[in-house]
Number of protein chains: 2
Amino acid sequence: MQGLTILLVDDHPVVRAGYRKLIELQPGYRVAAEADSTSAAYLAYRRAPTDIVIIDLSMPGSSGLEAIRLIKAVDRNARILVFTMHEGLSHALKAFEAGASGYVTKSSPPEALIAAMGAIAEGRKAVSDDIAREIAVERLSGRRSPLDALGPREVEILQLIASGRTTDEIADALSLSQKTIQNYHSGIKAKLNARTDANLVWVAIEAGLIEMRSVGVGAG
Amino acid sequence: MQGLTILLVDDHPVVRAGYRKLIELQPGYRVAAEADSTSAAYLAYRRAPTDIVIIDLSMPGSSGLEAIRLIKAVDRNARILVFTMHEGLSHALKAFEAGASGYVTKSSPPEALIAAMGAIAEGRKAVSDDIAREIAVERLSGRRSPLDALGPREVEILQLIASGRTTDEIADALSLSQKTIQNYHSGIKAKLNARTDANLVWVAIEAGLIEMRSVGVGAG
DNA sequence: GTTCGATTGGGAAATCTTCCCGATCTCGAT
DNA sequence: ATCGAGATCGGGAAGATTTCCCAATCGAAC
């Protein structure tokens, strides 16, 4: 018997090497393939589907979520376990929306990863304790993302503001008057309790509204 | 013979476990201790200095740089190898300023880590190829951090602006008039070619001026 | 069918930004 | 010592933005 096969997706070779060693110490699991990008993961899974896909969210370009969607599109029954550094609940929720079966943060003890692999191999969902705790807190306290105070249009505009777009650019992009954007801008700041535009950027980052890479300002 | 001893510092247990396996496959290296925080690293090194310290920059709270400084304060000859996800040159430079002997990004092949360990054990400096390339490009093209266009006061104020402080708070903190802060604010935007305050935040982040954690805005 | 909230924008006063200017202060060079 | 460059600090005024209030529209829920 060869146990459960695993496709390991992470853009850091050393990290992959480490996990491979760790996983293969575990009887019943075998790393069948590795991939270092969204597209490589997709192709690898197409070529030879594995029982489990372990994937990091933060990869250059399309954020791992894309890889999840692609793989689930190929195989509705793919078992995908997100194993990432991102501790924010928002990332976890997005991963599940994209089709993941499990979400384990790298802060978790190694056993958590092993346990999660076992769980999702049996068709169950798995989250690491820290994420579970966040979900519990959210449910019990009714606390939500600060963005819940915002309507969809406001979220959209906040995203553009936080990514550095000017009022004119936003008005142009959305085919609205500058006045409307200004009014939204003020309203968003008020609702989010932000006294500064820089604050908006941080809110957007924490809410997972903004990807960290590829923003740039072209200073020179 | 027991080879070179290593202290492994990373806040992710699974990551540590992976590296440990990886390193111990290498003849001549032995992971003598692990630590998951700045203070734990410091205490572990005090208790039993190792030949090499491998440390991740991104740890909760004090950013790993602090751990480097603490350890170097205890032992001027400590060999510290930074092994991190941060690919920005600015992080690498800061690490060397803090006293690191090597800087390897996690995007590097496993051999790079092994090679770097060997190099710094012999008292040499080591950087991974990607960082070396960045340094070379910077030297050859004369390109520097966008912040080089700014004076120290401007950098200080940029930092406060980007972290979300209002004009009044900054004026207060620095004992300057609001007018002066406003003038700096404008000047900084002009020099950095930023058309928006949100842009300033991104510049500050990319320049390594801002730590990603613990900023918050207190929305609710 | 009416009420509620989301969306879109005008108006006007308050505030901020920008650009220009001058006063100091430090520092290295002459 | 003096000079000049450049950083630091702030005033002034015109122009742009922000803020707050208000109104019209539209779709969904009751």
Side-chain angles (χ1 to χ4, degrees), chain A residues 142-204 207 209-210 217-220, chain B residues 142-204 207 209-210 217-220:
Chain A
R143 197 181 48 75
R144 329 283 238 65
S145 161
L147 295 193
D148 289 359
L150 269 43
R153 200 92 248 229
E154 288 171 318
V155 171
E156 184 178 17
I157 291 171
L158 167 59
Q159 214 255 51
L160 292 167
I161 292 171
S163 67
R165 243 48 57 107
T166 63
T167 299
D168 316 63
E169 289 169 348
I170 299 172
D172 203 52
L174 302 183
S175 299
L176 293 176
S177 81
Q178 295 185 215
K179 196 61 220 289
T180 300
I181 304 301
Q182 290 178 348
N183 282 334
Y184 270 105
H185 198 325
S186 289
I188 291 168
K189 283 212 289 196
K191 285 191 182 179
L192 293 183
N193 214 231
R195 276 133 61 249
T196 274
D197 282 358
N199 280 329
L200 290 183
V201 178
W202 293 109
V203 173
L209 207 57
I210 298 274
V217 63
Chain B
R143 198 181 47 76
R144 328 283 239 65
S145 159
L147 295 193
D148 289 358
L150 269 44
R153 201 84 259 224
E154 288 172 317
V155 172
E156 184 178 16
I157 291 171
L158 168 59
Q159 214 255 50
L160 293 167
I161 292 171
S163 67
R165 243 49 58 106
T166 63
T167 299
D168 317 63
E169 288 168 349
I170 298 173
D172 203 52
L174 302 183
S175 299
L176 293 177
S177 81
Q178 295 183 216
K179 195 61 219 291
T180 300
I181 303 301
Q182 289 179 346
N183 281 336
Y184 271 105
H185 198 325
S186 289
I188 291 168
K189 282 211 290 195
K191 285 191 183 181
L192 293 183
N193 214 231
R195 276 133 63 253
T196 276
D197 281 359
N199 279 330
L200 290 183
V201 177
W202 293 109
V203 172
L209 207 59
I210 298 275
V217 63

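The analysis underlying the following values was restricted to heavy atoms, covering all of them including side chains, and did not include hydrogens, waters or symmetry mates.
- Heavy-atom minimum distance, Ala162(A) versus Ala204(A): CB-CB, 3.6 Å.
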(request) Could you give me the CA-CA distance, side-chain angles and deciding distance for Arg153(A) and Leu176(A), then say whether side chain to side chain contact (heavy atoms under 4.5 Å, CB included) is met? (result) CA-CA 12 Å; Arg153(A) 200 92 248 229; Leu176(A) 293 176; 3.7 Å; yes
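- The overall bend of the helix from dG1(C)-dC30(D) to dT30(C)-dA1(D), read as the angle between its terminal helix axes built from five base pairs each, is 30° when rounded to 10 degrees.
- Taken to the nearest 0.5 Å, the NE2 atom of His185(B) stands 10.0 Å off from the CD1 atom of Ile157(B).
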Pairs under 3.5 Å (N/O, protein and nucleotides 16-19 of chain C):
{"unit_1": "dT18(C)", "atom_1": "OP2", "unit_2": "Ser186(B)", "atom_2": "OG", "d": "2.9"}
{"unit_1": "dT18(C)", "atom_1": "O4", "unit_2": "Lys179(B)", "atom_2": "NZ", "d": "3.4"}
{"unit_1": "dC19(C)", "atom_1": "N4", "unit_2": "Asn183(B)", "atom_2": "OD1", "d": "2.7"}

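- Annotation for Glu169(A) and Gly164(A): closest pair OE1-O, 4.5 Å, computed over non-hydrogen atoms.
- Atoms CZ and OG1, on Arg165(A) and Thr196(B) in that order, are 9.5 Å from each other to the nearest 0.5 Å.
- Scanning DNA chain D 5' to 3' for nucleotides with an atom closer than 4.0 angstrom to a non-hydrogen atom of chain B gives a first and last hit of dT8(D) to dA13(D).
- Considering CG of Leu174(A) and OH of Tyr184(A), their distance stands at 9.5 Å, rounded to 0.5 Å.
- Spacing between atom CD1 of Ile188(A) and atom C1' of dA6(C) amounts to 13 Å, rounded to whole angstrom units.
- Annotation: the span from Thr167(B) atom OG1 to Asp172(B) atom CG amounts to 12.0 Å, rounded to 0.5 Å.
- Separation of atoms CZ (Arg195(B)) and CG (Asp168(A)) is listed at 8.5 Å; rounding is to 0.5 Å.
- What you find for Ile170(B) and Ile181(B) is that their closest heavy atoms are CG2-CD1, 3.6 Å.
- Between the OG1 atom in Thr166(B) and the CG atom in Asn199(A) there is a gap of 9.0 Å [rounded to 0.5 Å].
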